Amino acid sequence: MKRLVLIDGSSYLYRAFHALPPLSNDAGEPTGALFGVVNMLRATLNERPDYVAFVVDAPGKTFRDDLDPNYKANRPPMPDDLRAQVLPMCEIVEALGIPILRIDGVEADDVIGTLARRANAENIDVTISTGDKDFAQLVRAAEPDRAGIVLVNTMSGSRMDSDEAVIAKFGVRADQVIDLLSLMGDSVDNIPGVEKCGPKTAAKWLGEYGTLDGVIEHASAIKGKIGDNLRAALPRLPLNRQLATIKTDVELERGPAELALRERDADALRGLYARYGFKQALRELEGASTANDIASDRAGLRATAAGHARGGGAAEAPAPELAAKGDYEAVTTQPQLDALVASLQAVEEFAFDSETDSLDPMQANLVGLSFASETGRAVYVPLGHDYPGAPAQLDREAVLAALRPVFADPARRKLGQHGKYDLHVLRRCGVEIAGYADDTMLESFVYNATASRHDMDSLAKRYLGYDTIKYSDVAGKGAKQISFSQVAIDDATKYAAEDADVTLRLHRVLGARLAAEPALEKVYREIEMPLVPVLARVEANGVMIDGDELRKQSQELGKRMLDAQLKATELAGRTFNLDSPKQLQALLFDELKLPVLVKTPTGQPSTNEEALEAIADQHELPRVILDYRGLAKLRSTYTDKLPEMVNPHTGRVHTSYHQAGAATGRLASSDPNLQNIPIRTDDGRRIRRAFVAPPGRKLVACDYSQIELRIMAHLSQDEGLVRAFESGADVHRATAAEVFGKKSLDEVSGNERRAAKAINFGLMYGMSAFGLARQLGIGRGEAQDYIALYFSRYPGVRDFMERTRQDARDKGYVETVFGRRLYLDNIKASNQGLRAGAERAAINAPMQGTAADIIKRAMIDIDGWLAGHRERALMILQVHDELVFEVEDSFVEELLAQASRRMAGAATLRVPLVVDSGVGINWDEAH
DNA sequence: TGACCATGCAA
DNA sequence: TATTGCATGGTCA
């Protein structure tokens, strides 16, 4: 299939001018923008397009000026330094043999749009090279035998080649981009949009209503200030749509097929490059024309790229050197690759690391791989560096094919740092890893969960006394951060090879330390390491979400929020931001003079739920705020956000589990957190109905009943508590009967059971009489009596608590049933608050941590069994004491039996482990 | 833009 | 003066 590249010349010239330093040649002529454009053009031509055009704006009015006299009215005149570079640029473009298009009365955008559509219709693949995001409206995914339209921005390295890519960038499909731009407006072109409506808001509205017309139709339903802004902007929006639409039907003299690349004029180019001081381009010209010095040519390109990718670096001056601290080398030739593979096959273990362009392992693209098998030496294999002028790299597929047997060989031990990430990335490239044997993050976590963070930079500092190159050193940070694929290969090599090297060196230290602590070694070897591939699978499986259902709920919640808001405004007598605790505090406590009964940790009057409940009998407003808060929480955190988290490749939501997240050994979940999906209220519960099974499948949820209390019974060996669990009775009711002296469970009142439950839970968190009193809304003395009574009935529990505190003081740590250790740095602190906090943590950690160990063991066991049934059942969620599976209908019974049995058998305690389960077409039903 | 605070969701 | 987490919107430097 033929390919056409359309270059948005004006856009590049402006952007290069502003992105690059004000360089000049020996004669003092400005060259910065020129330099950027020339590099971009060379990179473009290196890809040998069949047709190409360099499109620039012509002077004069266009149809947009007629539509809106203010269009582009506030655009400043072109700076002189930039104007001076326009002519030389055109000369260079001409000399390169690229056709220049400049059509009177037609903007470059419309020329490009027209050519793109025509070429696409003629089944020519189109690449639009521009820095202007508006072109996303033209993107069209290629299909087999069907040309597509791709948008690339070589300055930022971004690429949009499908609706998914457009969604990732803008949150809307390509066909919604015009509507998005219409809502946002464009300050550069002086198009006023909806005030305060940025890309997020616009995308949200379009997600709800589909099109601009849909948004206009529902404008009255949008609440708040932003809704007013929208309504104010309504008359303007149709005009914005016309302005934002790139025309695709302009009359042109030349069609796509008449844009063939001409022979370049080497003599003219040589003169121009020399005049403007483009030494590397000049060298490339000479090198290619004589074709006898490939190596130096490549070196030249690399130096150019380094200067370019860093943006601020002087054009031809080398970038400031990153200090390479070991013998680090880039692998870019076949002989080097052969040597690497041979060396990996010759060793028993090696460290590896992957570099990518995203933190999300379910979306990241592989940019390079690094390896180290002896300390102080490492190599980096760049695979996807695609900045302008990037040197030739080995073919990605060929490299992966060569490495696949090494990764798949379980006898060759692989080491990593947070290897679960790399497992995902490589799996998505078709490389499965067997023999993932050690992970320095987990070694550190098991060795001492609280001594340091477990990222590589912290570990290197702590255990090696070594300062690593930081990611921000090579890629920048904040808004200016570039993708790793844009990092110069020399810099990338130092950074990436160091990662592998440091991983190996850390393992030498941490592996030895763990080996000296057999109990910890066991936790690491038998629980944490085997769990890595299990978690990777759970994450990759993901969960199916009914996005339409959630969007429907969002709309409904929005309506109810609006009602609450109106009522609140009425009650307050003025408008205020219901989301602002500060404004609310001023209103309630200063203006309405309601009493301050609760304060925040910083001493401010609190407006939290407890505080509002306490004053709800004195004024109607607190109740309305509480209602509003409940709705707003559900909408902002769940119903609005979850649909946005659907992975465009898989159509499912993939959380990340942090294995070294919680010091107690629990997992933590993020992006999104699927461990805090509401369940306690009816409105909240509805959200769980949007976690669904596909047709022909069911969700199965299995959860441990009272696991932490059972662990407390086991650890304390308290006869009464053990008996309660052995009898199979409702443990809170049994506790109430004991504490309140009832002869039979039937005599326990609801209130007594509630009190007993509060005591049971409170004890596990190290709660005091004060806390219990507050929880139950009773006097402190009464609470103290309950606790005393409890301890007299369950003396084993009291002894266990005291023993645990003493243990913590003596040893400085507490441990779980399986030997996981938690150090408590503050247990001997002189600060009484810190010490009390450490004591509470000491009491809680063995129970929470043992529960975490148990469910981890169950997950490993169940995953092993599921290996033979991957088509029929998937483990998809873990929520501390619960596992959720997605199961084929015909396999539900089998899975229920196996999962329950394996969970219950994951530990043998003094009391039985009981597993409850449920089945349904959604998570609510299954629970 | 980043950091912090207040708030609230889960086990 | 109740454990462990994560995400939100507001606010401020």
Side-chain angles (χ1 to χ4, degrees), chain A residues 200 224 449-450 477-481 576-585 598-612 625-626 628-638 640-642 645 655-658 660-681 683-685 687-688 703-709 712 758-776 780 783 787 814 822 832-833 836-849 851-852 855 877-882 927:
Chain A
K200 296 288 176 201
T450 48
K477 58 181 172 182
K480 291 198 202 77
Q481 187 167 77
F576 66 103
N577 184 349
L578 278 75
D579 291 319
S580 165
K582 198 165 168 247
Q583 292 182 29
L584 189 57
Q585 175 211 314
V598 185
K599 294 198 170 175
T600 70
T602 54
Q604 294 297 305
S606 174
T607 66
N608 68 11
E609 182 174 357
E610 188 190 349
L612 295 182
I625 301 288
L626 284 168
Y628 172 85
R629 286 243 181 99
L631 303 170
K633 175 76 179 182
L634 295 179
R635 195 167 113 125
S636 67
T637 309
Y638 302 104
D640 275 358
K641 291 295 170 348
L642 284 171
M645 304 297 291
T655 183
S656 262
Y657 289 107
H658 307 279
T664 53
R666 268 194 182 182
L667 299 178
S669 155
S670 71
D671 308 294
N673 181 356
L674 295 186
Q675 292 182 322
N676 72 343
I677 304 302
I679 192 167
R680 288 174 196 192
T681 65
D683 282 329
R685 241 189 144 90
I687 292 167
R688 293 199 171 213
D703 69 288
Y704 285 109
S705 165
Q706 306 292 358
I707 188 166
E708 291 187 18
L709 264 185
M712 186 162 89
I759 297 175
N760 277 332
F761 277 107
L763 282 172
M764 288 192 295
Y765 301 143
M767 190 173 64
S768 62
F770 181 95
L772 181 65
R774 207 176 52 155
Q775 174 73 25
L776 289 175
R780 204 170 145 184
I787 292 175
V814 292
L822 178 66
Q832 135 98 350
E839 286 185 359
R840 290 195 296 272
I843 286 172
N844 179 255
M847 293 179 270
Q848 194 181 109
I855 197 166
L877 293 172
Q878 190 257 39
V879 194
H880 307 307
D881 66 357
E882 173 183 7
H927 207 279

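Values in this document were obtained by computation on a predicted structure and should not be read as measured data. Here is how names work: the chains are called A, B, and so on, in the same order as the sequence lines, proteins then strands, and each is numbered from 1. FYI, side chains are in, hydrogens and waters are out, and symmetry mates aren't considered; it's all heavy atoms of this structure.
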- Task: For the pair A/V879 and A/L674, evaluate side-chain contact (heavy atoms from CB on, under 4.5 Å) and give the outcome as yes or no after the intermediate values.
- Result: CA-CA 8 Å; A/V879 194; A/L674 295 186; over 6 Å; no
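The residue A/A845 sits apart from the nucleic acid: no heavy atom pair falls under 4.0 Å. Residue-level contact check: A/E708 touches neither bases nor backbone, having no heavy atom under 4.0 Å from any strand. At a threshold of 4.0 angstrom between heavy atoms, the contacts of A/G762 include nucleobase atoms, whether or not backbone atoms are also involved. Among the atoms of the strands shown, only primed sugar atoms or phosphate atoms (P, OP1, OP2) are found under 4.0 Å from some heavy atom of A/S670. Using a 4.0 Å heavy-atom cutoff across all strands shown, A/K633 reaches at least one base atom of the nucleic acid. Counting any heavy atom pair closer than 4.0 Å across all strands shown, A/N577 reaches sugar-phosphate atoms only and no base atom. Here A/G661 lies in heavy-atom contact (under 4.0 Å) with sugar-phosphate atoms only. If you check every strand for non-hydrogen atoms under 4.0 Å, A/I679 touches sugar and phosphate atoms only. Residue-level contact check: A/R774 touches the backbone only, with heavy atoms under 4.0 Å from sugar-phosphate atoms and none from bases. Backbone-only engagement by A/R840 is indicated by non-hydrogen atom pairs under 4.0 Å involving sugar-phosphate atoms exclusively. A/E609 comes within 4.0 angstrom of sugar-phosphate atoms only, judged by non-hydrogen atoms across all strands, and of no base. Within 4.0 Å of A/A479, counting heavy atoms only, lie sugar-phosphate atoms of the nucleic acid but no base atom.
In this structure A/D881 satisfies the salt bridge (charged side-chain N to carboxylate O under 4.0 Å, His left out) test with no other residue, sequence neighbours excluded. Applying the side-chain contact (heavy atoms from CB on, under 4.5 Å) criterion to A/N673, with sequence neighbours excluded, gives A/S669, A/Q675, A/N676. Taking A/F761 as the reference, A/H732 meet the ring-ring contact (aromatic ring centres under 6.0 Å, His included) condition, with sequence neighbours excluded. Under the salt bridge (charged side-chain N to carboxylate O under 4.0 Å, His left out) criterion, A/D683 pairs with A/R560, not counting sequence neighbours. Residues forming a salt bridge (charged side-chain N to carboxylate O under 4.0 Å, His left out) with A/R635 (at least two apart in sequence, or on another chain): A/D640. Not counting sequence neighbours, A/E882 has no partner by the salt bridge (charged side-chain N to carboxylate O under 4.0 Å, His left out) test.
Distance check on atom P: C/dT1 versus B/dC5 gives 16 Å, rounded to whole Å.
For DNA chain C, the outermost nucleotides in 5' to 3' order that have an atom under 4.0 Å from a heavy atom of chain A are C/dT1 to C/dC12. Think of the region where chain A sits on DNA chain B: with heavy atoms and a 4.0 Å cut, that region ends 5' and 3' at B/dT1 to B/dA11.
In this structure, A/R629 and A/T607 have side chains that are in contact, with non-hydrogen atoms separated by less than 4.5 Å.
Among residue pairs with one or both ends in residues 759-771 of chain A, none qualify as salt bridge (Lys or Arg N to Asp or Glu O under 4.0 Å); sequence neighbours excluded.
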